[in-house]
Peer 1: 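My questions will all concern the structure given below.
The model shown is predicted, which means the values in this text are computed figures rather than measured ones.
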Amino acid sequence: MVFLKVEMSWNVLISPSDLSPQGLLLRKAVIVRLLEDIANRKASKDHGYYIAVSELKAISEGKVRELTGDVLFPVTFTCITQKPMKGEVLVGSVDKILKHGVFLKSGPIESIFLSEKTMSDYKYIGGENPMFMNDHSKLEKETVVRFKVMGFRWMEADRQFQLLATLAGDYLGPL
C-alpha cells in the first residue's frame, strides 16, 4: 500500500476533568484525545487508513461549550496514512474460504475478496477444512498470499475499504 504523509485539521474536545492550569498537562490531554479520536475513526475515503500521528503542528485557542463546560481545541497535525491503489501488489493471509472465493486480510484491510474466477487453475475442495488447490500449491486458512489489487471501494458505514484481488500475474500466489 502507498503510505502518505497528510496535514490535517481536527477539533479535539477535552472535558473539564482533564483540564489543568499547567500547560504541559493540557497539551498531553489534547494529544491523548487526538490519538483516541484517530484510532476510533480508523480511516477516511480521501486519506485511507490512519497509521500514526507524526507531528503536532499547532493547538489553537480553545472554545468553551456553555452547556457542558467541555473545551474544543482546533488542532493541526501531520498524519501517516495508508491507502490502497489499483494495480499494486500486496501480501495478506487467508481469513475465510467459500465456494466462490477467498477472503483475505492485509494490514488494516479486513475485507479483500479473491474470486474463484480469478484463480482459474485452482479447484475448490470442500469439507471440514475447505481449500483451493492446484498442482503446485493450496490456499487454506492462514496461508500467506501475494496478490494484485484489481479495484476497491470505500464503505462509509464500516469506515473501511473493500478490495477485489487477483492471482493472475507473475510471482503472485501462496508464499
Peer 1: For Lys83, I'd like to know if atom NZ has over 12 heavy atoms of other residues, nucleotides or ligands within 6.0 Å.
Peer 2: yes
Peer 1: Answer yes or no: are there more than 12 heavy-atom neighbours, outside Lys141 itself, under 6.0 Å from its atom NZ?
Peer 2: yes
Peer 1: So does Val91 get a backbone contact from the side chain of Ser106, meaning a donor-acceptor N/O pair under 3.5 Å?
Peer 2: yes
Peer 1: For the atom pair CD (Glu7) and OG1 (Thr78), what is the distance rounded to the nearest 0.5 Å?
Peer 2: 5.0 Å
Peer 1: I'd like to check Glu88 versus Val2 (side-chain heavy atoms, cut-off strictly below 4.5 Å). Are they in contact?
Peer 2: yes
Peer 1: With the 4.5 Å side-chain cut-off for hydrophobic clustering, are Leu35 and Val30 part of the same group?
Peer 2: yes
Peer 1: Hey, could you give me the OG/NZ distance between Ser9 and Lys57, rounded to the nearest 0.5 Å?
Peer 2: 11.0 Å
Peer 1: Can you tell if the side chain of Phe77 reaches within under 4.5 Å of the side chain of Ile38, non-hydrogen atoms only?
Peer 2: yes
Peer 1: If you look at every heavy atom in Pro74 and Glu61, which pair is closest and at what distance?
Peer 2: CD-O, 3.6 Å
Peer 1: Could you tell me whether the side chain of Tyr49 reaches within less than 4.5 Å of the side chain of Gln160, counting heavy atoms only?
Peer 2: yes
Peer 1: If Ile, Leu, Val, Met, Phe, Trp and Tyr residues are connected whenever their side-chain heavy atoms lie under 4.5 Å apart, and connections chain through other members, are Leu90 and Phe152 in the same group?
Peer 2: yes
Peer 1: If hydrophobic residues (ILVMFWY) are linked whenever their side-chain heavy atoms come closer than 4.5 Å, directly or via other members, who joins Phe113 in its cluster?
Peer 2: Leu98, Phe103, Met150, Leu164
Peer 1: Not counting sequence neighbours, which residues clear ring-ring contact (aromatic ring centres under 6.0 Å, His included) with Trp154? List them please.
Peer 2: Phe161
Peer 1: Should Leu175 and Val149 be counted in the same cluster of Ile, Leu, Val, Met, Phe, Trp and Tyr side chains packed under 4.5 Å apart?
Peer 2: no
Peer 1: Measuring from atom OH of Tyr171 to atom CZ of Arg146, what distance do you get when rounded to the nearest 0.5 angstrom?
Peer 2: 10.0 Å
Peer 1: If you measure from CD on Glu156 to OG on Ser44, what distance do you get to the nearest 0.5 Å?
Peer 2: 9.0 Å
Peer 1: Taking all atoms of both residues into account, what is the closest heavy-atom pair of Thr81 and Val6, and its distance?
Peer 2: OG1-CG2, 3.8 Å
Peer 1: Is there a side-chain contact between Met131 and Thr143 (heavy atoms, below 4.5 Å)?
Peer 2: no
Peer 1: Are the side chains of Asn129 and Glu140 in touch, meaning some heavy atoms are under 4.5 Å apart?
Peer 2: no
Peer 1: Quick one: are Leu167 and Phe147 in side-chain contact, heavy atoms under 4.5 Å?
Peer 2: yes
Peer 1: Could you pull out the closest heavy-atom pair between Ser15 and Asp70, with the gap in Å?
Peer 2: CA-OD1, 3.4 Å
Peer 1: Starting at CD of Glu110, measure out to NZ of Lys105 and round the result to the nearest 0.5 Å.
Peer 2: 5.0 Å
Peer 1: Does atom CZ of Arg159 have more than 12 heavy-atom neighbours from other groups under 6.0 Å away?
Peer 2: yes
Peer 1: Which heavy-atom pair separates Val71 from Gly62 by the least distance, and what is that distance?
Peer 2: CG1-CA, 3.7 Å
Peer 1: Check whether any side-chain heavy atom of His47 lies under 4.5 Å from a side-chain heavy atom of Leu4, and answer yes or no.
Peer 2: no
Peer 1: Do Leu104 and Val144 belong to the same hydrophobic cluster, where Ile, Leu, Val, Met, Phe, Trp and Tyr are linked whenever their side-chain heavy atoms lie under 4.5 Å apart, directly or via other members?
Peer 2: no
Peer 1: State the CG-OG distance between Asn11 and Ser60, to the nearest 0.5 angstrom.
Peer 2: 9.0 Å
Peer 1: Would Ile31 end up clustered with Trp10 when hydrophobic side chains under 4.5 Å apart are linked, directly or stepwise?
Peer 2: yes
Peer 1: Can you see which heavy atom on Ile97 is nearest to which on Pro130, and at what distance?
Peer 2: CD1-O, 3.2 Å
Peer 1: Determine the minimum heavy-atom distance between Ile14 and Ala29, stating which atoms define it.
Peer 2: CD1-O, 3.5 Å
Peer 1: Is the count of non-hydrogen atoms from other residues, nucleotides or ligands lying under 6.0 Å from Lys42 atom NZ greater than 12?
Peer 2: yes
Peer 1: Can you tell if the side chain of Phe132 reaches within under 4.5 Å of the side chain of Met119, non-hydrogen atoms only?
Peer 2: yes
